[in-house]
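Read the structure below first, then the notes.
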Amino acid sequence: MKFKIAVLRGDGIGPEITDIAVRVLQAVGRRWDHDFAFTEAHAGGEAWDRYGEHLPAVTLDACRAADAILKGPFGGPTSEINHPKWAGIETTAILGLRRAFDLFMNLRPVVVYPEVVALSPLRPEIVEGADMLIVRELTSGIYFGERGERTVDGERQGFDTESYTEGEIARITHGAFRIARVRRKHVTLVAKSNILDSSRLWRDVMARVAPEYPDVTHDYLHVDNASMQIITNPRQFDVMLTNNMFGDILSDEASVLAGSLGMLGSASLNAGGFGMYEPIHGSAPDIAGQGKANPIAMVLSAAMMLRLSFQLEDEAAAVETAVRAALARGLRTADIAGAGGTLVTTQAMGEAIEAALAG
Ligand code: NAD
Ligand code: MN
């Protein structure tokens, strides 16, 4: 089989970790005789250097011509936020890509493998066996709403708007229930319906959609309570459905269960099943180019691509097993080194995963 993959290596640690994910995919191609064709395209800071914009038309064309997008993180150091190379990059490049392909469904699995239980700052008996999927709405809500600055009573006022249509909520709610069917069949909606009208609409839609999935149970938590339960009783969660901003925040928090942001991959899908795959973390400018980055989040994102875009379940599972094998050998990048083991570079971790995959 031939699969076309657009590769956006990204900024900061992006190139280091993306190169490893590509090598892992090439190893899968060799072992199973698949033809993965990679097309490098540019977005974010690297596109700014080449084209003077963050998301040029040539990049969108390359992504359109592909079967899936593999994306590194974009963005510069917080101290250079106003430099034109970096200013506004979240909206222009990151939200721009999500919008261009209508990637409204963001899947963020949080799996605590037995090999990594000790990596979490939380007690093993709390995190052991946790296996949840955060389903985050990705193309609407406050990150896309009307925003700006105005003058009120002679004072500057900044504002952002949270709004959702029924249709936007319904399509992701259906998505969450469908995925729950092939998991442990439970959906938890997280919102703030005691205050927000938009949250009340999420609950209304949930109540309307849920009866179509009688085999799936569901419940509801306010976001403040949910954020506490994620770290006190994470095993209760199967599928967690939530809006754009809550999903952003809760998934960084949930990454603590798995030990590090550098351990979690994600998939962003549209209604047609087209997907973009990226780690949940950012470009980590503080450690860029030093061989310190954990490539696992990026590699697990590539595994999700195999599973969800190419229906290569065995291959996806083999990549996940290879990651676990590298961890079981005690190999640790700096972000997960706290619990002992052997400190290795980004590249050495990548080679260990490749080696485990070759068998
Ligand atoms: P970040 O996720 O880049 O880093 C937070 C902390 O986690 C840092 O200490 C970093 O060193 C560490 N870290 C992150 N990924 C790691 C990995 N794979 N291995 C080891 N350590 C890792 O978040 P930030 O510092 O808030 O943001 C940095 C830049 O990334 C900003 O410009 C931000 O806008 C951007 N960003 C981009 C995306 C995206 O492209 N989707 C997402 C989030 C942040
Ligand atoms: Mn985030």
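Only this structure's heavy atoms are used, side chains among them; waters, hydrogens and symmetry mates stay out.
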Can you confirm whether Val209 sits close enough to His174 that some side-chain heavy atom of one is under 4.5 Å from a side-chain heavy atom of the other? yes
Could you list all the side-chain hydrogen bond (donor to acceptor under 3.5 Å, both in side chains) pairs where at least one residue sits in residues 256-277, not counting sequence neighbours? Asn106-Ser268, Ser260-Asp335, Tyr277-Ser309
Residues two or more places apart in sequence or in another chain: which of them pass salt bridge (Lys or Arg N to Asp or Glu O under 4.0 Å) with Glu16? none
Would you check, one step at a time, whether the test side chain to side chain donor-acceptor pair (under 3.5 Å) holds for Gln229 with Gln236? CA-CA 9 Å; Gln229 304 256 350; Gln236 70 181 292; 2.6 Å; yes
Answer yes when Arg171 and Asp102 have at least one side-chain N-carboxylate O distance shorter than 4.0 Å, and no when they do not. yes
Check side-chain hydrogen bond (donor to acceptor under 3.5 Å, both in side chains) between Asp204 and all other residues, then give those that pass, not counting sequence neighbours. none
Minimum heavy-atom separation for Met245 and Asn243, please, with both atom names. N-OD1, 3.3 Å
Any idea which heavy atoms bring Arg9 and Glu40 closest together, and the distance? CD-OE2, 3.1 Å
I'd like to know if the side chain of Tyr220 and the backbone of Met206 have a donor-acceptor N/O pair within less than 3.5 Å. no
Could you tell me whether a side-chain N or O of Arg98 sits under 3.5 Å from a main-chain N or O of Ala93, the two making a donor and an acceptor? no
Quick one: does any side-chain atom of Thr139 pair with a main-chain N or O of Arg99 as donor and acceptor, under 3.5 Å? no
Note: Val190 and Thr242 closest approach over all heavy atoms is O-OG1, 2.9 Å
Just by distance, do the side chain of Arg156 and the backbone of Val152 share a donor-acceptor pair under 3.5 Å? no
Linking Ile, Leu, Val, Met, Phe, Trp and Tyr by side-chain heavy atoms under 4.5 Å, what else ends up with Val58? Tyr51
So Arg136 and Asn244, side chain to side chain donor-acceptor pair (under 3.5 Å) or not? Walk me through it. CA-CA 6 Å; Arg136 168 189 172 196; Asn244 201 341; 2.7 Å; yes
Not counting sequence neighbours, which residues clear ring pair (Phe, Tyr, Trp, His ring centres under 6.0 Å) with His186? List them please. none
With a cutoff of under 4.5 Å between side-chain heavy atoms, which Ile, Leu, Val, Met, Phe, Trp and Tyr residues group with Leu97? Leu8, Leu55, Leu60, Ile69, Phe74, Trp86, Ile89, Ile94, Phe101, Leu103, Phe274, Met276
Pairs touching residues 347-359 that satisfy side-chain hydrogen bond (donor to acceptor under 3.5 Å, both in side chains), sequence neighbours left out: Arg23-Glu354
Under a 4.0 Å N-O cut-off, is there an ion pair linking Arg183 with Asp131? yes
Give the ring-plane orientation class for Phe177 versus His218, where under 30° counts as parallel, over 60° as perpendicular and anything between as tilted. perpendicular
Would you please name every residue forming a ring pair (Phe, Tyr, Trp, His ring centres under 6.0 Å) with Phe3, sequence neighbours left out? His34, Phe36, Phe310
Which residues pass the salt bridge (Lys or Arg N to Asp or Glu O under 4.0 Å) test with Arg307, sequence neighbours left out? Glu313, Glu320
Can you name the residues that form a ring pair (Phe, Tyr, Trp, His ring centres under 6.0 Å) with His281, not counting sequence neighbours? none
Given side chain to side chain donor-acceptor pair (under 3.5 Å), test Tyr143 with Asp248 step by step and report yes or no. CA-CA 10 Å; Tyr143 291 5; Asp248 187 9; 2.8 Å; yes
Quick one: does Glu168's side chain have a donor or acceptor within less than 3.5 Å of a partner on Thr165's backbone? yes
Using the side-chain contact (heavy atoms from CB on, under 4.5 Å) definition, which of the options Val127, Leu119, Ile126, Leu122 pairs with Val112? Val127
Taking ring pair (Phe, Tyr, Trp, His ring centres under 6.0 Å) as the definition, give me every residue that meets it alongside Phe104, ordered by chain and number, with sequence neighbours left out. none
Minimum heavy-atom separation for Arg203 to Ser193, with atom names? NH1-OG, 3.1 Å
So, for Ala180 and Asp238, which heavy atoms are closest and what is the spacing to 0.1 Å? O-OD2, 4.4 Å
Is NZ or CZ of Arg150 both nearer than 6.0 Å to the six-membered ring centre of Phe159 and within 45° of the ring axis? yes
The salt bridge (Lys or Arg N to Asp or Glu O under 4.0 Å) partners of Glu146 (sequence neighbours excluded) come to none
